[in-house]
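Here's a structure for you.
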Amino acid sequence: MSAAKLERLLNLTALLLATPRPVSAEEIHERLREHYAEDADAFRRAFERDKDALRSMGVPIVVETVPGVVPAVDGYRIPRDRYYLRDPGLTPEELAALRLAASVVRLEGLSARDALMKLGGFVGEGDEGLGLSVDSLPAAGVAPLFGAITDRHPVRFRYRGRDRTVDPYRLDFARGRWYLSGHDHTRGADRLFRLDRLESPIEVLADRTFERPPVPQPGLPLDPWLLGEGEPTEARVLVDAAQAPWIVQHLGPDSVVEERPDGSVVVTMTVTNVENFRSFVLTFLDHAEVLDPPELRDDLVAWLERQVAA
Amino acid sequence: MSGRRAPAARTSASDRVARLLAIVPWIAANDGPTLDEVSARFGVPRAKLEEDLQVLAMVGLPPYTPDTLIEVVMEGGRVWLRFADVFARPLHLTPEQALALVAAGTASRALPGSDPDGPLASALAKLADVLGIDPTEAVSVRLGESRPDVLDALRTAVAEGRQVRIDYYSYGRDERTTRVVDPHAVFAHQGAWYLRGWCHLARDRRVFRVDRIVEATVLDEPVERPGAPEEGADDPFELGPDVPRVTLELDPSARWVVETYPVDAVEELGEGRLRVRLAVAATPWLERLLVRLGPAARVVAADDPALAEAGVRAARRILARYRR
């Protein structure tokens, strides 16, 4: 980019930031006549391109009617409260910690360097000598949802064959995928959505805002046996010693109700999706056993008997 | 990893504007920093920085008389800015930029060695405040399950080039073994942690899932066979041609198999049904898949005839346990 274009974009930004009232295109042309062609059409084309370039960087250029002019004419300005980044007051140690984090954990197609620059530049070192690495996380569709969460805008997308309007509360990355939890107005209930299963692009309803519930959202459960509409049932499952450490780590120590002398454990699980529960228990093959309730035990036995008979 | 590279020079149109809009407030807020310091801190070569600052001296507000232009003073290798109030603060963070930092920070807090009350935690709290979110509520990132002591031991072994002894439950083979491994890398991949290295027991390269490592002990012995730098560039989970294959017919409800496991071939059979060919690294893996899928899958061909019966055999074994 030429120095002239850099100079022009900076002057345009300064003009629109400094003005308390919207400025018409004609006035911009007049004020910045050294930077734009004299011809009105050529100016208009260049001005549109510049506006697009600034907006693509996140510069919030708003269009408003210029007051006191008849007939009405569009004017432009940059509201300062929407342009300026409030100073988080990061210490050099904090800036360095963020840089280190961003060098270890990266999101596909998103760069943390622009954010770090705005916060005060690159301080400290990268990830030298940490002994571990993290593959880039997928990021398709995640940033618009994050913006909608922070700005409290509802979003619209298609999921499982239905168009839904959702108040987005929270994003979770787990098991290699992103999940969105939020309130689904179409269903009138809190729901969990797998982002890789969205059936349409995400539309952010920027002209609307929602109130977050006063109680912080705990994040919807991600365990598959809890992803159901059924009545919650407490199941007890016996897991053999070889697999006991894994299940305890997976479910958390609070789930253990009995530790047997042979090293096996009995865990409790709250089940709302019988099919997913059965599938999970079967991954242990003959190293796990549903103890109760009888209906879940019978379901699993009946499932296996069908397989043997087939 | 990319963090080791020096930040690259940037040239694209908006990038130069964006960079300057970030640098200006910092210079203005600091009393005459050296050009070298600004250059290093913002990853911009000094010559380019000076070029940009010269352009800045042509920027200001109407009527663009000298007293309304930004004053740029470069002297003795230092730089001062005056009348730059219009650019007193950087441009707000875009959702992309905020997410890149918050997600990275949130994920890193769970890494071994991270201090829960350290600068990363306080940085995230400050960022969350600026973004108007609860620091722990808007985004959470779980890179993979692991016992913190195990992950810490493994990364120490990698960083120090020492052997590690692991107590490992092999999910595929359904057996628990103790092995000594020359660790080459510990990495998070699609929601799970893995250890890649030379296994002394198998006398071959192996990839282990960290959540299946029950215990890990760093040994004093240095690694005997270090990893080659090109390792890991290919898919660590690719199974070789010597591994037996099965062909399954899947109902629509079992299509997730294709998304979850690497398949050699997929054929649409109509009405959402699929025929797929899969590599079977170990029999228990196939048993597990077949008992979970039940009537939604049928084995139609198998390199090894025993594999064709794997689902039924496993179902009988499990049933025996329930009939005891």
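All chains are named by letter (A, B, ...) in the order of the sequence lines, taking the proteins before the strands, and each is independently numbered beginning at 1. For the numbers below, each heavy atom of this structure counts, side chains included, while hydrogens, waters and symmetry mates do not.
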Between R82(A) and chain B, which part of the residue has a heavy atom less than 4.5 Å away: side chain, backbone, both or neither? backbone
Could you check whether any side-chain N or O of R288(B) sits under 3.5 Å from a backbone N or O of T283(A), counting only pairs where one atom can act as donor and the other as acceptor?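 Confirmed, R288(B) side chain pairs with T283(A) backbone.
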What are the two closest non-hydrogen atoms of A14(A) and V59(B), and how far apart are they? CB-CG1, 4.5 Å
Among side-chain atoms of S279(A) and R292(B), is any donor-acceptor pair under 3.5 angstrom?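 R292(B) and S279(A) do have a side-chain donor-acceptor pair below 3.5 Å.
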Just how far is it from atom CG of D286(A) to atom CG of L319(B), taken to the nearest 0.5 Å?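 If we round to the nearest 0.5 Å, D286(A):CG and L319(B):CG are 10.5 Å apart.
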State, with a plain yes or no, whether a side-chain heavy atom of Q249(A) is found less than 4.5 Å away from one of V150(B). no
Engaged part of A241(A) at the chain B interface, taking heavy atoms whose separation is under 4.5 Å: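 For A241(A), the backbone is the part near chain B, not the side chain.
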Considering only heavy atoms, which portion of Y322(B) lies under 4.5 Å from any heavy atom of chain A: side chain, backbone, both, or neither?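 Both backbone and side chain.
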Contact origin within A185(B) toward chain A - heavy atom pairs under 4.5 Å: neither
Contacting region of L119(A) [heavy-atom separation from chain B under 4.5 Å]: side chain
So for S136(A), is it side chain, backbone, both, or neither that comes closer than 4.5 Å to the heavy atoms of chain B?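 No part of it gets close to chain B.
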Does any heavy atom of chain B fall under 4.5 Å from the side chain of V59(A), the backbone, both, or neither of them?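 For V59(A), heavy atoms of backbone and side chain both lie under 4.5 Å from chain B.
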Heavy-atom proximity to chain A below 4.5 Å, by part of V141(B): both
Over all atoms of both residues, closest heavy-atom pair of N11(A) and G60(B): OD1-N, 2.9 Å
Taking side chain as C-beta onward, heavy atoms only, is L91(B) less than 4.5 Å from Y83(A)?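 L91(B) reaches Y83(A) side chain to side chain.
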Please state whether the side chain, the backbone, both or neither of D240(A) comes within less than 4.5 Å of a heavy atom of chain B.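 Side chain only.
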For P112(B), is it the side chain, the backbone, both or neither that has a heavy atom under 4.5 Å from a heavy atom of chain A? side chain
Any idea which of V290(A), D196(A), T91(A) has the most non-hydrogen atom pairs under 4.5 angstrom with chain B? V290(A)
Any side-chain heavy atom of L101(B) within less than 4.5 Å of one from L116(A)? yes
What part of A139(A) gets within 4.5 angstrom of chain B, counting heavy atoms only: side chain, backbone, both, or neither?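 Contact with chain B: none, neither part.
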Quick one: what part of Q243(A) sits under 4.5 Å from any heavy atom of chain B, side chain, backbone, both or neither?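 Side chain of Q243(A) only, per the 4.5 Å heavy-atom cut-off to chain B.
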Tell me, for R176(B) versus chain A, whether the close heavy atoms (under 4.5 Å) come from the side chain, the backbone, both or neither.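 Contact with chain A: side chain only.
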Pick one of side chain, backbone, both or neither for L107(A), based on which atoms fall under 4.5 Å of a heavy atom in chain B.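 L107(A) touches chain B through side-chain heavy atoms alone.
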Which bit of L111(B) is near chain A, if near means a heavy-atom gap under 4.5 Å: side chain, backbone, both or neither?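 Answer is side chain: those atoms of L111(B) sit under 4.5 Å from chain A.
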Closest non-hydrogen contact found for F87(B) with L10(A) is CZ-O, 3.6 Å
Residue R298(B) versus chain A: region with a heavy atom under 4.5 Å: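 For R298(B), there is no contact with chain A at all, as no heavy atom is under 4.5 Å.
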Quick check for you: to the nearest 0.5 Å, what is the distance between D135(A) atom CG and Q190(B) atom CD? 8.0 Å
For chain B, the option from A309(A), A242(A), P138(A), G147(A) that forms the most heavy-atom pairs under 4.5 Å: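 Winner by heavy-atom pair count: A242(A).
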Partner chain B: residue of L110(A), I78(A), T19(A) with the largest heavy-atom pair count (under 4.5 Å):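 Of L110(A), I78(A), T19(A), L110(A) has the most heavy-atom pairs under 4.5 Å with chain B.
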Do F146(A) and L131(B) have side chains that get closer than 4.5 Å, going by heavy atoms?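 The answer is yes; the side chains approach within 4.5 Å.
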CG-CG distance between L15(A) and L61(B), expressed to the nearest 0.5 angstrom: 7.5 Å
Which atoms of W285(B) come close to chain A, meaning under 4.5 Å heavy atom to heavy atom: side chain ones, backbone ones, both, or neither? neither
Measuring heavy-atom distances to chain B, does L300(A) have an atom under 4.5 Å in its side chain, in its backbone, in both, or in neither? side chain
Starting at CG of L290(B), measure out to CG of L282(A) and round the result to the nearest 0.5 Å.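 Rounded to the nearest 0.5 Å, the CG-CG separation comes out at 11.5 Å.
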Ignoring hydrogens, what is the shortest heavy-atom contact between V105(A) and S108(B)? Give both atom names and the distance. CG2-OG, 3.7 Å
Under a 4.5 Å cut-off applied to non-hydrogen side-chain atoms, are P119(B) and L90(A) in contact?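 No. Closest side-chain heavy atoms not under 4.5 Å.
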Let me know if S114(B) has heavy atoms under 4.5 Å from chain A in its side chain, its backbone, both or neither.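 For S114(B), no heavy atom lies under 4.5 Å from chain A.
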Rounded to the nearest 0.5 Å, what separation is found between the OG1 atom of T106(B) and the CG atom of D172(A)?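 Reported value, rounded in 0.5 Å steps: 10.5 Å.
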Between V158(B), I318(B), I23(B), which residue shows the highest count of heavy-atom pairs closer than 4.5 Å to chain A? I318(B)
For the atom pair CZ (R86(A)) and NZ (K126(B)), what is the distance rounded to the nearest 0.5 Å? 12.5 Å
What residue, out of R147(B), E287(B), R316(B), has the most heavy-atom pairs lying under 4.5 Å from chain A?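 Highest number of pairs under 4.5 Å: R147(B).
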I'd like to know which of E275(A), R306(A), H250(A) tops the heavy-atom pair count under 4.5 Å against chain B.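 With the most close heavy-atom pairs to chain B, the winner is H250(A).
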Note, D114(A) side chain near T94(B) side chain (heavy atom, < 4.5 Å): no
With chain B as the partner, which of L32(A), T150(A), L95(A), L145(A) has the greatest number of non-hydrogen pairs under 4.5 Å? T150(A)
For A138(B) and I149(A), work out which heavy atoms get closest and say how close. CB-CG2, 4.0 Å
Could you have a look at A107(B), P183(B), G294(B), G105(B) and say which one has the most heavy-atom pairs with chain A under 4.5 angstrom? G294(B)
Checking heavy atoms, do the side chain of S56(A), its backbone, both or neither come under 4.5 Å from chain B? side chain
When you measure from the side chain of H92(B) to the backbone N and O of G58(A), does any donor-acceptor pair fall under 3.5 Å?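 The answer is yes, because a donor-acceptor pair under 3.5 Å joins these two groups.
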Of the listed residues (L85(A), T13(A), V123(A)), which shares the most heavy-atom pairs with chain B below a 4.5 Å separation? L85(A)
Determine the minimum heavy-atom distance between L120(B) and A101(A), stating which atoms define it.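 L120(B) and A101(A) have their closest heavy atoms at CD1-CB, 4.1 Å.
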Looking only at V214(B), V55(B), D85(B), I70(B), the option with the highest number of non-hydrogen pairs under 4.5 Å against chain A is V55(B)
Can a donor-acceptor pair be found, under 3.5 Å and without considering hydrogens, that links the side chain of R19(B) to the backbone of M117(A)? no
Can you tell if the side chain of L143(B) reaches within under 4.5 Å of the side chain of L137(A), non-hydrogen atoms only? yes
